[in-house]
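Chain A is the first sequence line, chain B the second, and so forth, proteins listed ahead of strands; every chain is numbered from 1.
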2 protein chains.
Amino acid sequence: MDAPRWLDDREMAAWQGFLEASNRVARHLEAQLRDAAGLSHPQYEILVRLADAPDRSLRMTELADGLLTSKSGLTYQVDRLEKRGLVVRRSCPTDVRGVLAVLTDEGLHTLREAAPGHVAAVREVLIDVLEDDEVTVLAGAFDRVGRRLRPHDGA
Amino acid sequence: MDAPRWLDDREMAAWQGFLEASNRVARHLEAQLRDAAGLSHPQYEILVRLADAPDRSLRMTELADGLLTSKSGLTYQVDRLEKRGLVVRRSCPTDVRGVLAVLTDEGLHTLREAAPGHVAAVREVLIDVLEDDEVTVLAGAFDRVGRRLRPHDGA
DNA sequence: GCGGAGTTGTTCGAAGTCGAACGACCGGCG
DNA sequence: CGCCGGTCGTTCGACTTCGAACAACTCCGC
């Protein structure tokens with residue numbers, strides 16, 4: 001490691017831009033969701049995944065895998081959602097240890113109310129700021145970056 | 001807002017990829033810095049900015065502006081750094097309210113030890129995963145995205 | 001010089017995140 | 001049947017972050 005390859009200007013701009021953009025975008029969307037629907041971004045993602053799942057329900061572990069949060073973090077957020085009545089916990093029929101998180105009607109309603117505003121915000125701060133070909137490049141590149149850091153996904 | 005423009009597959013891939021990539025990259029670098037130098041990423045950035053500043057010192061507010069953290073967050077991190085002896089607080093000569101954060105020799109030394117490994121990690125998980133033209137596109141696009149969300153930068 | 005509006009950095013409480021430890025439970029093998 | 005490594009979800013304590021409130025102070029117009 002005696003000859004570190006430093007970042008040239010172009011690389012530095014990409015790196016700094018990435019850092020600033022990811023921070024600001026995350027903050028902005030967090031604020032938008034909270035103001036519009038009283039949801040944090042992790043909570044919103046939990047609702048989305050449950051809404052797409054069969055029976056609107058998923059095991060805690062399945063939920064935690066897709067989400068990029070820890071198991072304990074998921075427990076915390078599901079607690080919050082349950083106290084608001086957007087999600088219910090049921091015990092898993094095939095495994096006594098297991099817990100099923102189930103989206104309630106109210107949860108689905110809340111999600112449907114929040115989704116358009118959230119998507120609009122995503123467009124406003126990211127997608128619609130980019131040219132079409134930039135979106136394409138970004139999708140390809142980030143798929144590679146994300147996959148590479150995924151715990152166990154050789155593909 | 002009755003006709004939300006949803007994201008098509010390509011846009012969705014870009015958005016999801018952005019989310020996953022920014023989370024995983026941030027986590028990975030946080031872990032790398034902590035293991036190699038006992039620094040958090042915010043702390044590392046503070047050291048970098050101080051090292052580049054005249055007299056290796058900056059006002060707290062100047063520091064907070066460049067950094068993407070709040071004032072209180074900065075106070076907390078500078079407290080940490082000061083307890084480790086990497087930074088010292090001095091009162092500002094031209095403004096009694098002001099506080100100058102000054103990088104110590106030990107702070108500079110720690111930074112120089114940490115920098116090569118950090119840069120290598122940035123290359124490994126982001127820059128070197130991308131093609132040259134992808135880096136270029138990314139730099140341009142993110143500059144626009146970041147600038148757009150900046151509090152006060154009409155340009 | 002003076003008074004009020006704005007700035008500066010810190011403190012405080014609330015919130016969220018993580019990893020490690022934990023009790024409870026599954027499943028296979030003897 | 002009985003045991004034992006592995007899995008499930010929660011709990012716990014430590015850490016970090018944020019915004020609002022705060023006291024001290026500057027700066028500008030008069």
Show your reasoning for whether side-chain contact (heavy atoms from CB on, under 4.5 Å) applies to B:L138 and A:F142.
-> CA-CA 10 Å; B:L138 207 132; A:F142 280 165; 4.0 Å; yes
Kindly determine whether A:R123 and B:E11 satisfy side-chain contact (heavy atoms from CB on, under 4.5 Å), including the steps that lead there.
-> CA-CA 9 Å; A:R123 283 203 172 281; B:E11 291 165 339; 3.0 Å; yes
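Contacts with DNA chain C (heavy atom under 4.0 Å) in residues 62-86 of chain A: A:T69, A:S70, A:S72, A:Y76, A:Q77, A:R80, listed by number. Within a heavy-atom distance below 4.0 Å of DNA chain C, the residues of residues 88-96 of chain A found are A:D95, A:V96. Within residues 24-50 of chain A, the residues that have a heavy atom under 4.0 Å from DNA chain C are, in order of number, A:R34, A:P42.
Other residues, nucleotides and ligands place no more than 12 heavy atoms under 6.0 Å from the CZ atom of A:R112.
Remark: P of D:dA24 and CE of B:M60 are 19 Å apart, rounded to the nearest angstrom.
Checked by atom type and distance alone, the side chain of B:D128 never pairs as donor or acceptor with a backbone atom of B:E124 at under 3.5 Å. The backbone N or O of A:H41 sits less than 3.5 Å from a side-chain atom of A:E30, completing a donor-acceptor pair. The main-chain N or O of A:E131 is found under 3.5 Å from a side-chain atom of A:E134 such that the two form a donor-acceptor pair. Checked by atom type and distance alone, the side chain of A:T136 pairs as donor or acceptor with a backbone atom of A:D132 at under 3.5 Å.
With hydrogens and angles ignored, no donor-acceptor pair under 3.5 angstrom links the side chain of B:R97 to the base of D:dT26.
Side-chain contacts under 4.5 Å among hydrophobic residues (ILVMFWY), followed directly or transitively, place A:M60 together with A:L33, A:L39, A:Y44, A:I46, A:L47, A:V48, A:L50, A:L58, A:L63, A:L67, A:L74, A:V78, A:L81, A:L86, A:V87, A:V99, A:L103, A:L108, A:L111.
With sequence neighbours excluded, the residues satisfying side-chain hydrogen bond (donor to acceptor under 3.5 Å, both in side chains) with A:R97 are A:D95. Shown here are the salt bridge (charged side-chain N to carboxylate O under 4.0 Å, His left out) partners of B:E113, two or more places apart in sequence or in another chain: there are none.
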